[in-house]
Amino acid sequence: MQVPDLFVSAPGKAILHGEHAVVHGKVALAVSLNLRTYLSLKGTTAGSVCINLPNIDTFLSWDLSELKQLIPYSCGKMEEVKRLDAELVRKLREFVGVTNGNLDTCNMATLAFLYIYLSVFGSGELPSLTVTVWSELPTGAGLGSSAAYSVCLSAALLCANGTIPAALREWDPTARWCQEDLELINSWAFQGEMIIHGNPSGVDNAVGTWGGMLRFLAGKIIPLSRVPLLRILLTNTKVPRSTKVLVAGVKDKINKFPSIMNPVLDSVDAISCNCEKVLSEMTCEPITGEHYNILEELIDINQHHLDVMGVGHPSLDTLCRVTLTKGLHSKLTGAGGGGCGITLLRPETESSVVQTTVQDLKDCGFDCWETSIGGPGVQQHSAASVKEEVLEILNRY
């Protein structure tokens, strides 16, 4: 079968408020991060399937005849996403050579791609195609890069298969799918996330699919209908950390000092709820300086609470100090203990201030990007709407 060429992209994610508290039944707000992952899918006549992942220096190709032997007998209709097919995962691990537990980024990305490709096309003829993925997101920084990858794969392969229609009309630069199609994309992306992470919460792929902001509470994910687009700086301190160790440390502290720590968790919950209320006001009334004042205060209070929980780090203190000298407010996002932080930029913040702040943070040895939060989820692009530098990379392969 010949498949149509297409371009799709999906955003990363950041936690605005509620990290760590969410583990203990409190509200967290997850937002889309407009550092995007882009995918190009091209039909070929080579009789092979190629995947190119230049970010992680991975370029692989398989003959269709090899892949046909892996097709699961249980291939059902694509409208029904079943539980992860453990037998297919086992076969693929053997095929890719990861039975020895070598679960590096390259192997995980390959497994997720082959699993979704074979599951989506397995009940019919396998198409010959080349998939190239390029991301503006750093990998392994807690910014949802694997979920953005899984969302792009799911959207592109479901679209190429005709399970969901192309979102794009000829004259559109970009377009989004309807709610029902997004739900199908999200459920396949979650399968990809399960292969990569084992037991994911589902938040990252939901943000990649719907974009905007999601409220996450006790396993329930609720997309919020409208949120303002906020300019931010995203900083990666590049200090490695173990999420598992940090989560365990917070739990120990709560067990040791319940009467002290439980009110801190309740306060973080109230911060998330207050922030949600302010953001919702900003979409239905004129945005004022006071809205930004409140958002900044909530950022400061939450960062202090995260320090109290024991997930701060000297690198994050440096981020907060450097940005505060410019009148900007920052907090960690995600697990803490290093990792990444976000800094809110007001509409009136001058570009010269932004540039010097970015330079100051780079001088500290950090990576820093000016971007936005609250932007669109997965979308299909015309070639002309893909950034020139991204298109150039995608077209190399």
### Query
Would Asp63 and Ser65 satisfy side-chain hydrogen bond (donor to acceptor under 3.5 Å, both in side chains), going step by step from the backbone distance to the final call?
CA-CA 5 Å; Asp63 280 345; Ser65 55; 4.5 Å; no

#### Entry: Full working for side chain to side chain contact (heavy atoms under 4.5 Å, CB included) between Phe190 and Ser150
CA-CA 8 Å; Phe190 185 60; Ser150 293; over 6 Å; no

### Any pair counted as salt bridge (Lys or Arg N to Asp or Glu O under 4.0 Å), so long as it reaches residues 12-24, sequence neighbours left out
Lys13-Asp204, Glu19-Lys331

### Query
What pairs of residues pass the salt bridge (Lys or Arg N to Asp or Glu O under 4.0 Å) test when at least one of them lies in residues 356-375, not counting sequence neighbours?
Arg231-Glu370, Lys238-Asp367, Lys326-Asp360

### Task
Mind jotting down which residue pairs meet the ring-ring contact (aromatic ring centres under 6.0 Å, His included) criterion with at least one end in residues 246-277? Sequence neighbours excluded, please.
none

[X] side chain to [Y] backbone, donor-acceptor under 3.5 Å:
X: Thr37; Y: Ser135; answer: no
X: Asp172; Y: Ala175; answer: no
X: His17; Y: Val268; answer: no
X: Arg215; Y: Pro223; answer: no
X: Asn302; Y: Leu298; answer: no
X: His291; Y: Thr288; answer: yes
X: Thr58; Y: Pro54; answer: no
X: Ser272; Y: Val27; answer: yes
X: Trp210; Y: Leu182; answer: no
X: Thr110; Y: Cys106; answer: yes

### Query
Given a cutoff of under 4.5 Å between side-chain heavy atoms of I, L, V, M, F, W and Y, with clusters grown through shared members, what are the other residues clustered with Val390?
Phe7, Tyr38, Phe59, Trp134, Val386, Leu391, Ile393, Leu394, Tyr397

#### Entry: Nonpolar side-chain network containing Val203, other nodes, edges under 4.5 Å
Val22, Val23, Val207, Leu214, Phe216, Ile221, Val247

Report the distance from atom [atom1] of [X] to atom [atom2] of [Y], rounding to the nearest 0.5 Å.
X: Leu33; Y: Ser372; atom1: CG; atom2: OG; answer: 8.0 Å
X: Leu137; Y: Arg36; atom1: CG; atom2: CZ; answer: 10.0 Å
X: Arg176; Y: Ile185; atom1: CZ; atom2: CD1; answer: 8.5 Å
X: Met213; Y: Ser32; atom1: CE; atom2: OG; answer: 10.0 Å
X: Ile232; Y: Leu230; atom1: CD1; atom2: CG; answer: 8.5 Å
X: Leu332; Y: Leu316; atom1: CG; atom2: CG; answer: 5.5 Å

### Query
Are Leu157 and Leu41 close enough, and set up right, to give a side chain to side chain contact (heavy atoms under 4.5 Å, CB included), and what steps lead you there?
CA-CA 8 Å; Leu157 294 171; Leu41 183 148; 3.9 Å; yes

### Query
Is there side-chain contact between Leu344 and His329, with at least one heavy-atom pair below 4.5 Å?
no

### Task
Could you label the plane-to-plane angle of the Trp62 and Phe113 rings as parallel, tilted or perpendicular, counting under 30° as parallel and over 60° as perpendicular?
parallel

### Query
Is Lys91 paired with Glu94 through a side-chain N to carboxylate O contact shorter than 4.0 Å?
no

## Note on the structure
Nearest heavy-atom contact between Gln303 and Cys320 is CG-SG, 3.9 Å

### Task
Decide if atom CD of Glu350 counts as having more than 12 heavy atoms of other residues, nucleotides or ligands within a radius under 6.0 Å.
no

### Task
Step through the shown structure and confirm whether more than 12 heavy atoms of other residues, nucleotides or ligands are within 6.0 Å of NE2 on His197.
yes

### Message
Just to verify, what does Glu296 make a salt bridge (Lys or Arg N to Asp or Glu O under 4.0 Å) with, not counting sequence neighbours?
### Response
Arg346

